[in-house]
Amino acid sequence: AMNKASDLILSARQTWTGQTKAESLDGINYHKFVPELQYINRIDDNTSFYAKANKSFMMPTFNQMFGSGNIVGNADLKPQSGTHYEVGLKKNIDNQAWRLAIFNYEIDDSIESKWVEPDASNPDYHVKYTNEDIRNTGIELTCNIDMGEGWQSNLGITYSNPQKYSTTTEYNVETQGRWRDYYGKIQLNGGLSYKKEKWTGALNFNYMCKRTRDVDAETDMKPYLFTNLNVSYKPAKDHKIFFNLDNILDRQDITTAATSSFYTM
């Protein structure tokens, strides 16, 4: 506690990995210190400001490094590490809770999947993981509303600019590195929920547009609109009846940004 209105929070994580050998490959012993620093200032009873900065670190999995099924192993795969920043303002107005956040992150050696074209050793298409740098900067505004009588609603909008520094094509062929767009830039989400006595329910939607396929051509993808409904009733303390419905509008939306298309069910 810096004073009655301000707090400074420091947290950290340390990672060690033990050296190993597999298939005549010498393992590497990694160690990484990952701190996070957060500042919170309560401007008044209904308003607060925060800022935080932190590092991140994630090891590749054994399947990504040594292969499994249709995954071609890449023993040279590096861990990914990033730097993250976020500042925001929280404001409560009557029954409304407003949140504004501005964020930025850069991740070095992000672990990305690539297709491998068939050859003599692999007659079918396979997947291989590589390291590529990614970055993103964006702004997010959300509002939660307590409507009373057990009803709540929420709305949110996010605009960001996700990019990756690609040094290989989508088919894992080395190419001249460059920053390019991928994933999506504009996202809207919202919902309506109810909780009272034995009943709970929620209706949610998630819409994303300005989508870009994760390919060198940076082709556009149609927006998606995910919807779902969840309702439950508890006739007794240890019994519950529930009903879940996904994709209420029965849309054929592509859920991924990769070269292959997986659709909503």
Side-chain angles (χ1 to χ4, degrees), residues 8-19 27-40 49-66 71 73-90 99-114 127-142 156-170 172 174-187 189 206 208 210-216 218 255-258:
L8 193 65
I9 304 169
L10 175 64
S11 57
R13 184 184 72 186
Q14 175 69 38
T15 300
W16 295 271
T17 66
Q19 194 170 28
I28 300 175
N29 185 16
Y30 290 101
H31 57 89
K32 185 73 173 181
F33 178 70
V34 182
E36 178 180 272
L37 185 64
Q38 185 172 184
Y39 171 75
I40 301 174
F49 167 83
Y50 72 90
K52 64 179 180 179
N54 69 284
K55 295 283 189 178
S56 65
F57 179 76
M58 187 175 74
M59 288 289 297
T61 66
F62 284 103
N63 286 346
Q64 293 167 347
M65 296 177 67
F66 302 113
I71 299 176
N74 181 4
D76 296 325
L77 203 58
K78 302 175 184 177
Q80 66 179 44
S81 58
T83 305
H84 309 254
Y85 301 98
E86 182 177 337
V87 295
L89 186 68
K90 300 180 180 182
R99 304 292 184 261
L100 176 67
I102 300 173
F103 60 88
N104 170 269
Y105 63 79
E106 296 183 3
I107 298 179
D108 296 332
D109 298 319
S110 176
I111 300 171
E112 306 288 327
S113 61
K114 300 289 182 180
V127 174
K128 185 175 183 179
Y129 287 86
T130 61
N131 292 116
E132 293 183 328
D133 297 342
I134 63 173
R135 65 186 183 188
N136 193 10
T137 301
I139 183 171
E140 179 181 46
L141 177 66
T142 63
I157 181 171
T158 304
Y159 177 79
S160 63
N161 186 35
Q163 292 183 314
K164 67 165 54 180
Y165 189 78
S166 184
T167 57
T168 59
T169 69
E170 60 264 31
N172 203 45
E174 290 293 327
T175 185
Q176 184 175 359
R178 65 183 179 91
W179 286 104
R180 61 176 177 82
D181 295 337
Y182 81 118
Y183 203 59
K185 291 190 175 184
I186 300 176
Q187 180 171 265
N189 58 74
N206 187 300
M208 179 173 284
K210 301 291 287 184
R211 300 176 69 197
T212 303
R213 271 202 185 275
D214 191 7
V215 297
D216 296 300
E218 298 180 63
T255 63
T256 65

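Values below: all heavy atoms of this structure, side chains included; hydrogens, waters and symmetry mates excluded. From a predicted model like this one, the values you see are computed outputs, not experimental measurements.
- Side-chain atoms of Ser166 come within 3.5 Å of backbone atoms of Thr168 as a donor-acceptor pair (strictly under, hydrogens ignored).
- Considering all non-hydrogen atoms of both residues, Asn206 and Gln187 come closest at OD1-OE1, 3.5 Å.
- Within the 4.5 Å cutoff, no side-chain heavy atoms of Leu37 are placed close to those of Tyr39.
- When atom types are taken as modelled, the side chain of Glu218 and the backbone of Asp181 share a donor-acceptor pair closer than 3.5 angstrom.
- Residues Thr137 and Asn104 have side chains that bring a donor and an acceptor to within less than 3.5 angstrom of each other.
- Here the side chains of Thr142 and Leu100 are not in contact, with every heavy-atom distance at 4.5 Å or above.
- Heavy atoms only, all atoms of each residue included: Gly184 and Ser160 are closest at O-OG, 4.0 Å.
- Nearest approach of Ala257 to Thr212, heavy atoms of both residues: CB-O, 4.1 Å.
- Rounded to the nearest 0.5 Å, atoms CD1 (Ile157) and CD (Glu140) are 10.0 Å apart.
- Taking the side chain as every heavy atom from C-beta outward, Glu112 and Ile134 approach each other to under 4.5 Å.
- Rounding to the nearest 0.5 Å places CG of Leu141 at 10.5 Å from CD1 of Ile102.
- Using modelled atom types, one finds a donor on one side chain and an acceptor on the other under 3.5 Å when comparing Thr83 with Lys55.
- Side-chain contact between Met59 and Tyr30 is present, with at least one heavy-atom pair separated by less than 4.5 Å.
- Between the side chains of Thr15 and His31, no donor-acceptor pair is found at a separation under 3.5 Å.
- In terms of heavy-atom proximity, Val215 sits nearest to Arg180 at O-NH1, 3.3 Å.
- The two atoms that bring Ala101 and Glu86 nearest to each other are CB-OE2, 3.7 Å, heavy atoms only.
- Rounding to the nearest 0.5 angstrom, the gap separating the OH atom in Tyr85 from the NZ atom in Lys52 is 14.0 Å.
- Under a 3.5 Å cut-off, the side chain of Arg213 and the backbone N or O of Tyr183 do not form any donor-acceptor pair.
- Under the 3.5 Å distance criterion, the side-chain polar atoms of Asn136 are matched with a main-chain donor or acceptor of Asn161.
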Exercise. Where do Asp214 and Lys164 land on the salt bridge (Lys or Arg N to Asp or Glu O under 4.0 Å) test, with the steps shown first?
Worked result: CA-CA 9 Å; Asp214 191 7; Lys164 67 165 54 180; 3.0 Å; yes

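- The shortest side-chain heavy-atom distance between Ile9 and Ile40 falls under the 4.5 Å cut-off.
- Using a 4.5 Å cut-off on side-chain heavy atoms (C-beta onward), Phe57 and Arg13 make contact.
- Interatomic distance, NZ of Lys32 versus CD of Gln14, reported as 10.0 Å (0.5 Å rounding).
- Going from atom CG of Leu8 over to atom CD of Gln38 covers 9.5 Å, rounded to the nearest 0.5 Å.
- Between the Asp133 side chain and the Tyr165 main chain, no donor and acceptor come within less than 3.5 Å of each other.
- Closest non-hydrogen pair, Ser113 versus Tyr129, comes out as CB-CE2, 3.6 Å.
- Here the rule is side-chain contact (heavy atoms from CB on, under 4.5 Å) with Gln64, and of Ile71, Val127, Leu77 only Leu77 fits it.
- For the pair Lys78 and Gln80, the minimum side-chain heavy-atom distance is 4.5 Å or more.
- Listed for the Glu132 side chain is no donor-acceptor partner under 3.5 Å among the backbone atoms of Asp109.
- Between Asn74 and Phe66, every side-chain heavy-atom pair lies at or beyond the 4.5 Å cut-off.
- Both the sub-6.0 Å distance and the 45° axial angle are satisfied by Lys90 relative to the ring of Tyr50.
- A donor-acceptor distance shorter than 3.5 angstrom exists from the side chain of Ser56 to the backbone of Gly82, with no hydrogens or angles considered.
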